[in-house]
Amino acid sequence: MPDPDRARLYEELALESRRYLAAYVLFNQAVADHLGLHPTDVQALSLLTAEPEPLTVRQIADRTGLTTGSATRLVDRLERGGYVARTPDRQDRRRVLVTPVPERIARVTALWDDLGSTWRTLLDDHSEDELRAITRHMRRAHDLSHTQIQRLRAMPKPD
């Protein structure tokens, strides 16, 4: 027989997770609106700046789930806005890399830094062990999300 207290905690966590994810999506929209960007563009910039090396359009498509055509249009928008530049790959001249433009990215970083200091106050009362647990959870949730995305894409669409 399942533990009723644990079941209630799972239920509460599921509800708070839904609320958190919805709030994050709406927050991302507000950031995008403030910067005059599309929400997907903001997330693509986040992905690009989290990587140690520039990405190709194909890699951006793979990471975002966009088609290569949609990823190309996304990169076109970011390039027009001055956020990225297309640069030839020095190791494979057939490939083009999408490189963040530091001066323009600084605009986004400044906003994140301003907002981020407030977000960090949410964590101030957590112990180091709790912060490690939260980080472990976020890392595992990230990995599980990618697995679930692949699973969803392989499933037939409902009628």
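This one's a predicted model, so the numbers in the text were calculated from it and none came from an experiment. Along the sequence shown, residues are numbered consecutively beginning with 1.
- Residues forming a side chain to side chain contact (heavy atoms under 4.5 Å, CB included) with Leu9 (at least two apart in sequence, or on another chain): Glu12.
- Here the CD-NE2 distance, from Gln29 to His38, works out to 7.5 Å after rounding to the nearest 0.5 Å.
- Within the structure, every pair that satisfies the side chain to side chain donor-acceptor pair (under 3.5 Å) test and touches residues 66-90, not counting sequence neighbours, is listed here: Asp41-Arg77, Thr67-Ser70, Ser70-Arg73, Asp76-Arg86, Glu79-Arg86, Tyr83-Arg107, Thr87-Thr99, Asp89-Arg95.
- The neighbour count for Asp159 CG, taken as heavy atoms of other residues, nucleotides or ligands under 6.0 Å away, does not exceed 12.
- Contact annotation: the side chain of Thr135 approaches that of Arg139 to within less than 4.5 Å [non-hydrogen atoms, C-beta and beyond].
- To the nearest 0.5 Å, the span separating CD on Gln148 from CG on Leu152 amounts to 6.5 Å.
- Expressed to the nearest 0.5 Å, how far CG of Leu13 lies from CZ of Arg18 amounts to 12.0 Å.
- Both Val108 and Tyr24 sit in one connected hydrophobic cluster of ILVMFWY residues. Membership requires side-chain heavy atoms under 4.5 Å apart, directly or through other members.
- Residues Leu122 and Phe27 share a hydrophobic cluster, clusters being chains of Ile/Leu/Val/Met/Phe/Trp/Tyr side chains in contact below 4.5 Å.
- With sequence neighbours excluded, the residues satisfying side-chain hydrogen bond (donor to acceptor under 3.5 Å, both in side chains) with Tyr10 are Arg6.
- In this structure, the separation between CD on Gln59 and CD on Glu51 is 8.0 Å, given to the nearest 0.5 Å.
- For His126, the ring-ring contact (aromatic ring centres under 6.0 Å, His included) test picks out no residue, with sequence neighbours left out.
- Proximity of a side-chain donor or acceptor of Ser145 to a complementary backbone N or O of Ala141 within less than 3.5 Å is detected.
- The cluster map of Ile, Leu, Val, Met, Phe, Trp and Tyr, joined by side-chain heavy atoms under 4.5 Å apart, puts Ile60 and Leu97 in different clusters.
- Counting only distance, with no hydrogens or angles, the side chain of Thr147 and the backbone of Asp143 share a donor-acceptor pair below 3.5 Å.
- In terms of the side-chain hydrogen bond (donor to acceptor under 3.5 Å, both in side chains) criterion, residue partners of Glu16 (sequence neighbours excluded) are, by chain and number, Arg19.
- Residue-environment remark: CD (Gln91) stays at or below the threshold of 12 foreign heavy atoms within 6.0 Å.
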Does Ile134 form a side chain to side chain contact (heavy atoms under 4.5 Å, CB included) with Leu123? I'd like the steps, not just the answer.
CA-CA 10 Å; Ile134 292 167; Leu123 303 172; 4.3 Å; yes
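- Cluster membership for Trp119 and Val42, using ILVMFWY side-chain heavy atoms within less than 4.5 angstrom, is shared.
- Here the closest heavy-atom approach between residue Val101 and residue Gly82 is recorded as CB-O, 3.3 Å.
- Between Leu78 and Val98 there is no side-chain heavy-atom pair separated by less than 4.5 Å.
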Between Leu45 and Leu37, does the side chain to side chain contact (heavy atoms under 4.5 Å, CB included) criterion hold? Intermediate values first, please.
CA-CA 10 Å; Leu45 285 174; Leu37 295 171; 4.0 Å; yes
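- The shortest side-chain heavy-atom distance between Leu111 and Val31 falls under the 4.5 Å cut-off.
- Between Leu48 and Ile105 there is no side-chain heavy-atom pair separated by less than 4.5 Å.
- Between Arg58 and Asp62 there is a salt bridge, with a side-chain nitrogen of the basic residue lying less than 4.0 Å from a carboxylate oxygen of the acidic one.
- The shortest side-chain heavy-atom distance between Gln43 and Pro39 does not fall under the 4.5 Å cut-off.
- When hydrophobic clusters are built by joining Ile, Leu, Val, Met, Phe, Trp and Tyr residues whose side-chain heavy atoms come closer than 4.5 Å, directly or via intermediates, Leu66 is not grouped with Val96.
- With values rounded to the nearest 0.5 angstrom, Arg120 atom CZ is found 10.5 Å from Leu115 atom CG.
- Note that CG of Asp113 and OG1 of Thr118 are 11.5 Å apart. Values are rounded to the nearest 0.5 Å.
- His137 is linked by a ring-ring contact (aromatic ring centres under 6.0 Å, His included) to nothing, counting only residues two or more places apart in sequence or in another chain.
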